[in-house]
Amino acid sequence: MSAATPTILATSGGYRLGNRIPLEFNKLIQYAVELAGVEGRAPKLCHIGTAMGDQDAFHARFDAAGRHAGFGTSHLNLFPMPPVTDIRGFLLDQDVIWVNGGSVANLLAVWRVHGLGEILHEVWQSGIVLAGVSAGSICWHTGGATDSFGPELRVVTDGLGFLPYGNGVHYDTEELRRPTVQRAVGSGQLPLTYCTDDGAGLLYRGTELAEAVSERAGGGAYVVRTDGSGAVTEDALTVRRL
């Protein structure tokens with residue numbers, strides 16, 4: 001099974017503290033899996049942890065969360081080398097690709113070396129759901145605000161560009177995110193930009209925003225745009241609570 005149209009779920013969430021295990025999948029990851037429409041077997045969820053350097057300790061927690069949820073999990077590690085010869089075939093055999101947070105600048109650089117952008121574009125077009133949190137949200141867009149270079153935020157503009165928009169993450173919990181995004185949109189450094197508070201996500205069907213969702217009782221989503229004169233407006237989007 002696969003999504004009926006190319007689908008991306010770009011988020012600022014997806015995890016929660018577990019009761020019996022350290023980490024559980026929250027509603028955003030569960031929703032990403034639902035979007036794949038898998039029936040009659042365990043969904044196949046592939047984690048890409050490039051942005052945090054492919055940490056084995058986190059992989060173990062991710063796998064435990066997958067078992068708890070009834071999902072089959074795997075990992076596309078790029079450090080020190082890919083786990084398979086045929087990365088394309090490996091990813092095309094998944095139902096959902098979940099990209100974890102960390103350094104989006106490093107993620108994009110390493111992906112370019114391995115030609116992963118072209119492969120992921122084919123994966124997306126085939127109906128496999130692409131999703132992720134933070135760096136794993138920004139990467140699908142043209143760019144966004146990031147702390148990849150240090151605590152003072154900078155803007156990256158070399159995202160994969162599957163979605164022709166900018167992206168802002170952690171909009172309600174990191175006070176510099178909002179003004180950085182607004183300046184970048186006002187200056188033309190970023191195009192029209194969609195943003196999420198922690199716990200919120202943006203569902204795209206093809207390249208169009210279909211809905212904003214949240215795994216929290218709160219958690220907003222926003223669109224930031226300019227009229228070309230440098231004046232910036234920010235509007236809240238309607239958010240469906242999962």
Side-chain angles (χ1 to χ4, degrees), residues 1 3 7-77 79 83 91 93-104 107 128-140 147 167-175 177 195-203 210-221 237-242:
M1 295 293 293
T7 300
I8 292 176
L9 183 65
T11 86
S12 289
Y15 303 112
R16 65 186 177 208
L17 293 176
N19 290 321
R20 294 182 178 273
I21 55 177
L23 186 76
E24 292 181 5
F25 294 153
N26 210 343
K27 293 178 181 179
L28 285 168
I29 292 183
Q30 295 168 4
Y31 183 44
V33 172
E34 289 173 13
L35 291 168
V38 177
E39 297 178 355
R41 60 171 174 81
K44 291 182 283 187
L45 173 63
C46 178
H47 165 256
I48 302 181
T50 316
M52 288 292 286
D54 293 333
Q55 297 179 2
D56 287 342
F58 184 81
H59 293 168
R61 292 186 176 192
F62 193 92
D63 288 340
R67 288 190 296 272
H68 182 77
F71 305 156
T73 58
S74 61
H75 305 272
L76 178 64
N77 297 335
F79 295 94
L91 292 180
D93 190 46
Q94 308 300 322
D95 299 308
V96 179
I97 310 296
W98 179 267
V99 179
N100 211 20
S103 171
V104 69
L107 173 153
I128 295 165
V129 175
L130 302 183
V133 55
S134 194
S137 174
I138 295 171
C139 65
W140 313 119
D147 57 5
N167 183 226
V169 295
H170 309 306
Y171 216 53
D172 62 337
T173 54
E174 298 181 18
E175 64 180 0
R177 297 276 180 174
C195 305
T196 51
D197 289 343
D198 280 4
L202 304 162
L203 173 63
E211 67 170 346
V213 296
S214 179
E215 61 193 8
R216 293 171 49 204
L237 301 173
T238 301
V239 178
R240 181 172 68 86
R241 307 299 162 185
L242 295 174

Could you give the distance from [atom1] ([X]) to [atom2] ([Y]), rounded to the nearest 0.5 Å?
X	Y	atom1	atom2	answer
Asn26	Glu215	CG	CD	3.5 Å
Leu9	Ser137	CG	OG	8.5 Å
Asp56	Asn77	CG	CG	7.0 Å
Leu23	Leu17	CG	CG	8.0 Å
Trp140	Leu202	CH2	CG	14.0 Å
Thr238	Glu211	OG1	CD	10.5 Å

So, for [X] and [Y], which heavy atoms are closest and what is the spacing to 0.1 Å?
X	Y	answer
Gly101	Ala51	O-CB, 3.4 Å
Ser214	Arg241	CB-NH1, 3.2 Å
Ser12	Thr196	OG-OG1, 2.7 Å
Gly70	Ala42	O-CB, 3.6 Å
Val129	Ala3	CG2-CB, 4.1 Å
Leu76	Pro83	CD1-CD, 3.9 Å

Test salt bridge (Lys or Arg N to Asp or Glu O under 4.0 Å) applied to Lys27 - qualifying residues, sequence neighbours left out: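 Testing Lys27 for salt bridge (Lys or Arg N to Asp or Glu O under 4.0 Å), a comparison that skips the adjacent residues, returns none.
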
With Ser74, the side chain to side chain contact (heavy atoms under 4.5 Å, CB included) member among Gln94, Lys44, His59: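 Of all the options given, the one that passes is Gln94.
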
With Leu45, the side chain to side chain contact (heavy atoms under 4.5 Å, CB included) member among Ile29, Asp95, Ile97: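 Only one of Ile29, Asp95, Ile97 forms a side chain to side chain contact (heavy atoms under 4.5 Å, CB included) with Leu45, namely Ile29.
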
Test ring pair (Phe, Tyr, Trp, His ring centres under 6.0 Å) applied to Phe58 - qualifying residues, sequence neighbours left out: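 In terms of ring pair (Phe, Tyr, Trp, His ring centres under 6.0 Å), with neighbours along the sequence ignored, Phe58 is linked to Tyr15, His47.
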
Under 3.5 Å: donor-acceptor pair, side chain of [X], backbone of [Y]:
X	Y	result
Asp197	Asp172	yes
Asn167	Ile138	yes
Glu24	Asn19	yes

Side chain to side chain, Val96 and Pro43, heavy atoms closer than 4.5 Å: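 In short, these two side chains do not touch, never coming nearer than 4.5 Å.
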
Trp98 and Thr11, any side-chain heavy atoms less than 4.5 Å apart: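 The answer is yes, as the side chains (C-beta and beyond) meet within the 4.5 Å cut-off.
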
Salt-bridge present (Arg216, Asp198; N to O < 4.0 Å):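 Looking at Asp198 together with Arg216, the answer is no, because their closest N to O distance does not fall below 4.0 Å.
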
side-chain contact (heavy atoms from CB on, under 4.5 Å) between Leu107 and Val99, worked out: CA-CA 10 Å; Leu107 173 153; Val99 179; 3.6 Å; yes

Other residues, nucleotides, ligands: >12 heavy atoms within 6.0 Å of Arg61 CZ: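 Not buried by this count: 12 neighbours or fewer within 6.0 Å.
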
Residue list, side-chain contact (heavy atoms from CB on, under 4.5 Å) with Arg20, at least two apart or on another chain: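 Here no residue qualifies.
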
Criterion side-chain contact (heavy atoms from CB on, under 4.5 Å) on Val213 and Leu203, from CA distance to verdict: CA-CA 8 Å; Val213 296; Leu203 173 63; 5.6 Å; no

